[in-house]
Protein chains: 2
Amino acid sequence: MERRQQVKKSRLSADDWADAALAAIGAGGGLAAVAVEPLAARLGATKGSFYWHFGNREALIEAALARWVETDTEQIIAAMQTEPDPEKRLRRLFTEVTRPAKHDPLELSLLASVGHPQVAAALKQVTERRIGYLTGLFTELGFTDAEARRRGLMAYNFYLGHTQLGHAVPSALPSAAEFPGYVEAVVGALLQRA
Amino acid sequence: MERRQQVKKSRLSADDWADAALAAIGAGGGLAAVAVEPLAARLGATKGSFYWHFGNREALIEAALARWVETDTEQIIAAMQTEPDPEKRLRRLFTEVTRPAKHDPLELSLLASVGHPQVAAALKQVTERRIGYLTGLFTELGFTDAEARRRGLMAYNFYLGHTQLGHAVPSALPSAAEFPGYVEAVVGALLQRA
DNA sequence: GTACCTCCATACGCCAGCGTATGGAAACCA
DNA sequence: TGGTTTCCATACGCTGGCGTATGGAGGTAC
């Protein structure tokens with residue numbers, strides 16, 4: 001999720017504010033960084049603009065989350081669908097999603113702000129979509145429903161942990177040289193038959 | 001990490017404040033919840049007490065984190081050492097650490113606040129200790145150093161993801177009935193020989 | 001029992017961010 | 001070109017949290 005630094009624009013739209021909010025969340029401040037006045041400064045505007053587009057801070061959060069939910073997960077899943085073989089798809093998905101450059105601080109920040117009800121709802125939606133996709137993938141690979149769900153969960157948990165670790169303690173991740181072997185080991189463990 | 005609600009105490013120690021800070025972090029507010037005046041209210045005291053024990057808010061955070069680092073990880077590791085067989089130890093560790101009741105919001109909150117330099121340092125310490133322990137465990141099980149490190153990482157990532165998921169979207173976790181099979185599947189995957 | 005030392009309450013000034021009110025500029029329309 | 005609508009800047013009050021200053025209560029020492 002690349003969200004560009006907004007520099008200046010004579011007139012702003014509600015989406016401009018929502019994007020700025022997401023950028024601010026991802027920039028490390030967490031949900032607390034969605035603060036009207038600092039955002040206004042960053043956009044080269046003032047609160048006057050904001051309170052014309054939104055009723056209050058909550059409304060902005062709502063809009064920003066809605067934007068995140070609909071764009072973030074679907075485009076990755078869609079990108080995978082060009083590969084017909086489910087095993088290769090899993091391998092590609094993991095390679096893609098653990099790429100060191102992929103770091104998505106926004107998602108981590110949202111995970112961190114799950115205390116907020118609107119964030120919790122957005123996360124639930126996205127999480128279920130993803131785990132569902134993974135589970136389906138293992139079903140395609142011939143596992144029973146129960147086993148597919150277990151492995152879908154394992155896969156997602158691993159992804160979450162990896163992302164978290166890469167953000168919090170990047171030095172603990174494997175080096176670039178070790179990386180392929182590491183990803184392969186994970187996928188191998190996930191695919192192994194009893 | 002059970003940190004009791006402090007109710008009232010005629011005189012407070014610095015550790016009382018540090019514990020209250022950890023409790024507040026864990027209670028969902030994240031690092032932002034380490035706020036002097038609310039904490040004082042909660043302890044039935046006032047800022048006067050706080051600023052006698054600490055120079056400022058930063059000093060409190062520092063003290064709280066130090067307390068967390070030294071108590072949290074070591075006691076779990078120590079508890080495992082009664083089991084001589086490394087495979088059983090791994091199984092026991094995972095069972096223990098994924099127990100639904102185990103939910104440790106404090107750790108999640110710290111992960112979320114990794115933007116703060118002191119938190120980052122504390123997390124690095126704890127993370128390396130844990131991954132090191134897991135890696136050693138796989139070494140004991142006869143894996144090569146490189147393989148042991150890979151599996152140690154996989155195990156830790158899984159743990160992190162599981163914890164995260166349990167906190168953010170608990171409904172996505174397996175039900176109580178599915179739980180043993182789920183844990184066993186994970187441990188099985190981790191122990192699988194090539 | 002008095003002098004001192006430890007710990008804390010109260011009161012204060014300061015700053016940042018939220019939300020409101022109001023006037024005005026820019027675009028659009030006729 | 002005059003009116004209307006859209007969008008925004010400025011100014012204001014309010015709240016909550018940080019840090020400081022000061023006085024005082026309750027132990028302790030002798």
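Atoms considered below: every heavy atom in the structure, side chains included; atoms not considered: hydrogens, waters and symmetry mates. Every chain is numbered from 1, with letters handed out A, B, ... down the list of sequences.
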**Message:** Walk along nucleotides 12-18 of chain D from 5' to 3' and tag each nucleotide B, S or - by protein heavy-atom contact under 4.0 Å, base first, then sugar-phosphate.
**Reply:** B----BB
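Of all nucleotides listed (D/dA9, C/dT6, D/dT6), D/dT6 comes nearest to the side chain of A/Trp52. Out of D/dA9, D/dC7, C/dA9, the shortest distance to the side chain of B/Thr46 is found at C/dA9.
Side-chain atoms of B/Thr82 and B/Arg92 form a donor-acceptor pair, as typed in the model, at a separation below 3.5 Å. Looking at B/Glu178 and B/Ser175, their side chains do bring a donor and an acceptor atom within 3.5 Å of each other.
Remark: B/Pro105 engages B/His167 in a side-chain contact (heavy atoms from CB on, under 4.5 Å) (not counting sequence neighbours). Listed by chain and number, the residues in a ring-ring contact (aromatic ring centres under 6.0 Å, His included) with A/Tyr133 amount to none (sequence neighbours excluded).
Straight-line distance from the CG atom of B/Leu43 to the P atom of C/dA9: 10 Å, rounded to whole Å. Distance, B/Arg11 CZ to C/dT6 C1': 5 Å, rounded to whole Å. A straight line from CZ of A/Phe50 to C1' of C/dG17 spans 12 Å, rounded to a whole angstrom. In this structure, B/Leu12 places its CG atom 16 Å from P of D/dG26, rounding to the nearest Å. Residue A/Leu60 contributes atom CG, which lies 15 Å from atom P of C/dG17 at whole-angstrom precision.
Between A/Phe158 and B/His162, the distance separating the two ring centers is not shorter than 6.0 angstrom. Between A/Phe54 and A/Trp17, the distance from one ring center to the other does not fall under 6.0 angstrom.
Side-chain N/O atoms of A/His53 include one lying less than 4.0 angstrom from OP1 or OP2 on D/dC8.
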